[in-house]
Number of protein chains: 2
Amino acid sequence: MLSKKTKYGLKALTYLATKDNKSPVQIAEVAESENISQKFLESILLTLRRNGFLGSKKGKGGGYYLIKEPHEIGMAAVMRVLEGPIAMVPCVSLNFYEKCDDCPDEASCSVHDLMLKVRDANLEVYRNTTLADLISK
Amino acid sequence: MLSKKTKYGLKALTYLATKDNKSPVQIAEVAESENISQKFLESILLTLRRNGFLGSKKGKGGGYYLIKEPHEIGMAAVMRVLEGPIAMVPCVSLNFYEKCDDCPDEASCSVHDLMLKVRDANLEVYRNTTLADLISK
DNA sequence: TTATTATCCTATCAATTTAGTAGGGAATGC
DNA sequence: GCATTCCCTACTAAATTGATAGGATAATAA
C-alpha cells in the first residue's frame with residue numbers, strides 16, 4: 001500500500017507545480033485544497049524541503065515553493081524520500097541494500113529473482129516519470 | 001515491503017515444487033529447510049490450501065503438496081492471496097477496487113495516473129511469471 | 001519595537017498491522 | 001488405541017502509520 005504520507009506528498013508537489021510562478025504557497029492553502037490534515041502535511045513538506053525538493057519562507061507571505069522545474073523532479077527520487085526503498089526486499093535494493101536475515105544464500109533464493117524483476121519494472125516507471133507528467137491533464 | 005508471510009509462502013511453494021513427485025511434505029521439513037518459524041508457516045500453508053494452491057493430508061506420511069503443475073501457478077494469483085492487492089492504491093485495483101476517501105474526483109487525481117502505471121508494470125511481471133520460473137536455476 | 005504571521009521542530013499517541021506463539025481439536029495410519 | 005500430522009482459534013509483543021499538541025524561530029508590518 002502507498003502510505004498517506006507519500007500520497008499527500010505527491011499531491012502537494014503537484015499542487016505547487018500548478019502554481020507555476022515561484023511565489024510561496026502556505027501549508028494551509030495546500031491542505032485545504034487537497035483535503036489533507038494541515039499538521040500532517042506540515043511534517044511532509046518539511047521532509048521534502050530537507051531533501052532538496054522544496055524551498056520555504058517564513059512569516060507573512062511565506063510558504064513553500066518548488067526549487068526545481070517540475071520536469072526536473074523525478075519520481076524515483078521522490079518515492080525514495082517519501083516511501084522509502086523502491087525494492088520490496090532489501091537484498092535487491094539499489095540504494096538501501098541489505099542482506100536478508102533468513103537467506104543463507106542470495107543466489108539460490110527463488111524470491112530474489114522475482115523481486116529483482118519487480119524492482120526493475122517499478123524503476124522503469126519511476127525513472128520515466130517526472131512531476132511534470134503528473135500535472136499535465 | 002514484501003511481508004514475511006508472502007516471502008515464506010513463495011519459498012514454501014518453491015520448495016514443494018522441487019519435490020516434483022506429488023508425495024506430501026511435512027510442514028516441519030519445509031520450515032527447517034527454509035529457516036521459517038514452523039507455527040507461522042503452518043498458517044501460511046493453510047491459507048494457500050484454502051485458496052486452491054495446495055492439497056494436504058493428515059497423519060503419518062501426511063503433509064502438503066502442489067495440486068497444480070508449477071507452470072500453471074501464476075504469480076499474480078499467489079501475490080493476491082498472500083500479499084493482497086497488487087495495486088498500491090485501491091482506486092486503481094482490478095480485484096479490490098475502492099474509492100479513495102480523500103479524493104473528490106478520481107479523474108483529476110495526479111497520484112491515480114502514476115499508480116496506474118505502477119500497477120500495470122507490476123502486473124506485467126506477475127502475469128508473465130509462474131512458480132516454474134522461480135525454481136529453474 | 002512590538003505584534004502578527006507562518007514555518008520549524010520535538011514529543012506524544014491511538015489504531016492498525018505484522019510476525020509470530022500457545023494450545024487444543026480432528027483426521028489418518030499403524 | 002496411539003502416535004503423527006494437519007486444522008483452527010485466540011492471543012500478543014513490537015513496529016508502523018497517521019496523525020495531534022504545543023511551543024520555538026524567523027520574517028514582515030505597524
At under 4.0 Å, does any side-chain N or O of [X] touch on OP1 or OP2 of [N]?
X	N	result
S37(A)	dT20(D)	yes
R49(B)	dC8(D)	yes
R50(B)	dC7(D)	no
Y8(B)	dG20(C)	yes
K57(B)	dG29(C)	yes

I need the [atom1]-[atom2] distance between [X] and [N], as an integer number of Å.
X	N	atom1	atom2	value
L2(B)	dT17(C)	CG	P	18 Å
I44(A)	dG18(D)	CD1	P	9 Å
K4(A)	dA14(C)	NZ	P	21 Å
K39(A)	dC9(C)	NZ	P	13 Å
L46(A)	dG18(D)	CG	P	18 Å
M1(A)	dT18(C)	CE	P	10 Å
L82(A)	dG18(D)	CG	P	12 Å
F40(A)	dC9(C)	CZ	C1'	16 Å

For Q38(A) and G59(A), take the nucleotide of DNA chain D holding the closest heavy atom to each; which residue's nucleotide lies nearer the 5' end?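 Result of the comparison: Q38(A).
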For DNA chain D, whose closest nucleotide is more 5', that of G61(A) or that of S43(A)?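 Nearer the 5' end of the strand: S43(A).
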When we call it a touch if two heavy atoms are under 4.0 Å apart, what does I27(B) touch: a base, just sugar-phosphate, or nothing?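 I27(B): backbone/sugar contact only, no base atoms under 4.0 Å.
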CE-CD distance between M1(B) and E83(B), expressed to the nearest 0.5 angstrom: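 Here the interatomic distance stands at 9.5 Å.
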So, taking the atom named CG in D102(A) and the one named CD in E34(B), what distance separates them when rounded to the nearest 0.5 Å?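 Rounded to the nearest 0.5 Å, the CG-CD separation comes out at 9.0 Å.
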Nearest to the side chain of K58(A), which nucleotide is it out of dT4(D), dC6(D), dT25(D)?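 Per side-chain heavy atoms of K58(A), the pick is dT25(D).
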What about E42(B), does its side chain sit under 3.5 Å from the base of dC6(D) through a donor-acceptor pair?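 Side chain to base: no pair below 3.5 Å.
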Any side-chain donor-acceptor pair under 3.5 Å between Q26(B) and Y64(B)?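 No, no side-chain donor-acceptor contact under 3.5 Å.
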Salt bridge or not for E124(B) and R119(B), using N-O below 4.0 Å?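 R119(B) and E124(B): not salt-bridged.
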Quick one: do C100(A) and E106(A) satisfy side chain to side chain contact (heavy atoms under 4.5 Å, CB included)? Show the steps, please. CA-CA 8 Å; C100(A) 292; E106(A) 207 161 275; over 6 Å; no
